[in-house]
Amino acid sequence: MIDPKVLRESPDVLRESQRRRGEDVAVIDRLVELDRQRRQAQHDYDELRAEQKQLSKQIGPLQGAVKKNPDDAGAKAELDALMARAGGLSDQVKQADAEATRAAQEADEAWLLVSNIVDMRSPVGGEEDFAVLEVVGTPRDFSTEGFAPRDHLELGEILGAIDVERGAKVSGSRFYFLTGPGALLELALLNLAVAQATSYGFIPVIPPVLVSPRAMEGTGFLGQAAENVYRIESDDMYLVGTAEVPLAGLHSDEILPADSLPLRYVGWSSCFRREAGSYGKDTRGIIRVHQFDKVEMFVFCRPEDAESEHERILGWEREFMDKLEIPYRVIDVATGDLGSSAARKFDIEAWIPTQGTYREVTSTSNTTEFQARRLGIRMRDGDETRALATLNGTLCAMPRVIVALLENHQRADGSVSVPPALQPFLGTDVLRPS
RNA sequence: GGAGGGAUGGCCGAGCGGCCGAAGGCGACGGUCUUGAAAACCGUUGAGGCGUAACCCGUCUCCGUGGGUUCAAAUCCCACUCCCUCCGCCA
């Protein structure tokens with residue numbers, strides 16, 4: 001949700017944002033009208049209600065007087081007159097209340113359709129229109145090393161680390177088992193990631209992954225992204241696609257002291273994604289799966305600090321990739337690919353040798369005040385209470401990092417060398433075929 | 001799943017249907033006193049909408065959520081949600 005003041009004072013900002021996203025612009029005009037209606041209806045109700053309260057206040061004492069002195073015909077007549085007026089007013093109040101409620105509901109529903117205002121620096125366009133900000137590291141040239149690289153699935157099978165066949169047997173396509181060294185690799189990555197995050201003051205969290213509609217909607221995942229969300233219909237719950245959802249909800253309906261910010265959490269959770277509409281894409285291996293584990297950073301901070309915090313989060317993501325010694329590039333995601341809650345988004349894409357291209361491994365979004373407003377998270381700054389900003393960023397998405405790690409560090413004999421930073425957590429400097 | 005109890009402001013906790021946005025206490029903040037602190041005393045202390053913007057002021061809404069009764073609901077009635085205790089089942 002966006003500050004309603006923006007709608008009233010400069011609706012063109014919203015129109016331009018929607019246009020850049022390639023989303024419905026007309027919804028803004030509708031919203032202007034609904035907003036006006038809501039305020040009008042509320043105002044009408046307030047006036048009627050004030051009148052009613054005033055009348056009611058007179059009735060009480062008068063009733064007492066009549067009771068004490070039943071012969072006072074004057075007081076009795078006055079009381080009857082008041083009751084008659086109040087009775088008529090009561091119906092009007094009820095009607096105005098219903099109208100105000102209806103108008104508010106309609107306006108709220110329309111608001112949910114509006115995505116966050118895009119950062120004007122985000123490149124305009126669709127998925128392919130990203131801007132490359134930086135390229136780090138040099139992909140290995142396997143031809144000069146004299147062998148053709150195996151893909152991650154082949155390596156995973158040789159090492160006894162990945163089993164997609166049995167994953168499919170048990171759960172269907174896009175499911176997998178991490179076994180032996182694969183399972184240990186995930187645990188080592190987890191510990192490396194959490195060690196890094198806690199060293200920077202992040203509070204480690206293991207959150208629920210099954211959440212209420214409120215948390216899902218508040219983080220913006222029930223809009224266009226809804227088709228990729230697993231819903232547990234029998235209980236009206238959702239399986240989260242990222243720890244961002246429960247971490248954002250952690251402080252919902254709370255007012256945080258400004259001096260406690262920035263508040264940084266690092267969550268470890270399973271993530272569930274339906275991957276609807278991706279049939280035929282990334283069908284081999286574990287690049288695109290329905291369930292995986294991820295270490296996610298999440299920050300609550302002052303709106304004026306959000307931009308610098310976004311850079312900081314990107315820095316921590318890069319640091320992690322640097323430790324794993326994987327070549328990557330950083331991209332500035334285009335407006336059409338931001339998702340409803342992000343104003344700006346940076347992805348890190350790792351080099352995947354067998355695909356000869358860079359693939360997304362992390363993503364960090366500045367969601368400004370959008371999620372906070374929807375979830376009722378504010379901060380107390382001096383004597384004012386106002387919205388705060390939230391940001392999120394991937395520290396380590398297990399399957400894709402494992403893919404990048406295996407492919408980039410493989411040797412001719414099918415073994416995989418372990419980058420020094422990870423060795424203490426894995427307890428070995430090389431993974432060998434079993 | 002069965003039985004019972006509960007939900008009020010940052011926290012604890014009172015609240016005959018009208019004078020209740022709500023006593024009292026704690027905490028926090030400001031002040032007096034003090035060399036400084038503590039204590040004591042005095043004062044302030046929820047959120048949101050609207051009234052064109054700020055301040056003041058005014059007004060409305062909010063006592064778990066939704067509905068109902070009533071001229072009038074924190075208070076009465078109904079449903080739901082959540083929490084606690086006991087029993088059963090269970091990782």
Side-chain angles (χ1 to χ4, degrees), chain A residues 1-11 13 31-68 75-111 206 208-218 232 234-238 246 249-261 263 269-270 369 372-388:
Chain A
M1 169 133 196
I2 296 157
D3 189 345
K5 266 189 199 149
V6 176
L7 179 75
R8 288 164 206 161
E9 290 164 11
S10 37
V13 169
L31 206 49
V32 168
E33 175 56 18
L34 289 174
D35 183 61
R36 194 194 60 73
Q37 279 178 22
R38 187 185 61 201
R39 282 187 291 169
Q40 181 65 49
Q42 183 62 42
H43 187 251
D44 292 349
Y45 168 77
D46 283 356
E47 297 216 313
L48 282 171
R49 177 71 176 149
E51 197 182 337
Q52 181 190 39
K53 282 178 82 165
Q54 209 177 2
L55 273 183
S56 281
K57 251 173 208 159
Q58 296 168 31
I59 289 176
L62 204 56
Q63 226 165 20
V66 169
K67 216 176 224 171
K68 222 182 258 175
K76 196 157 186 311
E78 198 186 335
L79 178 63
D80 288 344
L82 276 179
M83 289 288 264
R85 270 180 67 197
L89 207 53
S90 178
D91 289 338
Q92 288 183 54
V93 168
K94 257 176 206 152
Q95 230 172 45
D97 186 19
E99 172 59 19
T101 305
R102 188 201 60 76
Q105 203 170 355
E106 211 170 318
D108 286 345
E109 279 167 18
W111 265 119
I206 300 175
V209 293
L210 205 51
V211 301
S212 68
R214 167 97 196 281
M216 217 60 189
E217 188 169 82
I232 311 294
S234 58
D235 297 274
D236 197 19
M237 303 274 284
Y238 294 89
L250 180 63
H251 287 299
S252 52
D253 294 321
E254 291 182 28
I255 302 173
L256 306 173
D259 60 16
S260 71
L261 306 175
L263 200 47
S269 84
S270 293
E369 301 172 13
R373 282 182 188 279
R374 288 183 167 212
L375 291 167
I377 312 170
R378 290 163 294 172
M379 61 174 193
R380 190 178 323 281
D381 188 18
D383 53 4
E384 67 170 338
T385 305
R386 58 190 178 102
L388 49 71

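Below, all heavy atoms of this structure are taken into account, side chains as well, without hydrogens, waters or symmetry copies.
- The two residues A:W111 and A:R374 come nearest to each other via the heavy atoms O-NH2, 4.4 Å.
- The side chain to side chain contact (heavy atoms under 4.5 Å, CB included) search around A:R380 returns A:I255, A:T385, not counting sequence neighbours.
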*Could you encode protein contacts along nucleotides 49-64 of chain B as a string, one character per nucleotide from 5' to 3', using B for base contact, S for sugar-phosphate-only contact and - for no contact, with a heavy-atom cut-off of under 4.0 Å?*
BS--------SSS---

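- Inspection of the A:E99 and A:Q95 side chains reveals no N or O donor paired with an N or O acceptor under 3.5 Å.
- B:C55 and B:G36: their P atoms are spaced 36 Å apart (whole Å).
- At whole-Å resolution of the value, CD1 in A:I255 and C1' in B:G10 are 10 Å apart.
- OP1 or OP2 of B:A47 sits under 4.0 Å from a side-chain N or O of A:T385.
- For A:D91, the side chain to side chain contact (heavy atoms under 4.5 Å, CB included) criterion is met by no residue, not counting sequence neighbours.
- In this structure the side chain of A:D253 reaches within 4.5 angstrom of the side chain of A:R214, judged on heavy atoms.
- Proximity of A:R378 to A:R386: side-chain heavy atoms (C-beta onward) are nowhere separated by under 4.5 Å.
- In this view, A:D35 and A:L7, A:R8, A:R38, A:R39 satisfy the side chain to side chain contact (heavy atoms under 4.5 Å, CB included) rule, not counting sequence neighbours.
- As a whole-Å value, the separation of A:D253 CG from B:G9 P is 13 Å.
- Between A:L210 and A:Y238, the closest side-chain pair of non-hydrogen atoms is not below 4.5 Å.
- In RNA chain B, consecutive stretches of 3 or more Watson-Crick or G-U wobble pairs with both distances under 3.5 Å are given as paired ranges: B:1-7 with B:81-87, B:10-12 with B:24-26, B:27-32 with B:40-45, B:46-51 with B:57-62, B:64-68 with B:76-80.
- Spacing between atom CE of A:M237 and atom P of B:U81 amounts to 13 Å, rounded to whole angstrom units.
- Following rounding to the nearest Å, A:M379 (CE) and B:G10 (C1') show an atom-to-atom distance of 19 Å.
- Here A:R386 lies out of heavy-atom contact (under 4.0 Å) with every strand.
- Across the P atoms, B:C78 and B:U44 are found 41 Å apart, a figure rounded to whole Å.
- No more than 12 heavy atoms of other residues, nucleotides or ligands shown are found within 6.0 angstrom of CD1 on A:I206.
- Remark: the separation of the C1' atoms in B:C16 and B:C11 is 28 Å, to the nearest Å.
- When the side-chain nitrogen and oxygen atoms of A:R380 are compared with OP1 and OP2 of B:G46, none of them lie within a distance under 4.0 Å.
- Between A:D259 atom CG and B:C29 atom P there is a gap of 11 Å when expressed in whole angstrom units.
- The 12-atom threshold is not exceeded at CD of A:Q54, counting heavy atoms of other residues, nucleotides or ligands nearer than 6.0 Å.
- The nearest whole Å value for the distance from the CD atom in A:E384 to the P atom in B:G46 is 16 Å.
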Please produce a list of atom pairs where a protein N or O lies less than 3.5 Å from an N or O of nucleotides 65-70 of chain B.
none

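- Side-chain contact check for A:R373 versus A:D3: some heavy-atom pair is nearer than 4.5 Å.
- Taking the side chain as every heavy atom from C-beta outward, A:Q105 and A:E109 approach each other to under 4.5 Å.
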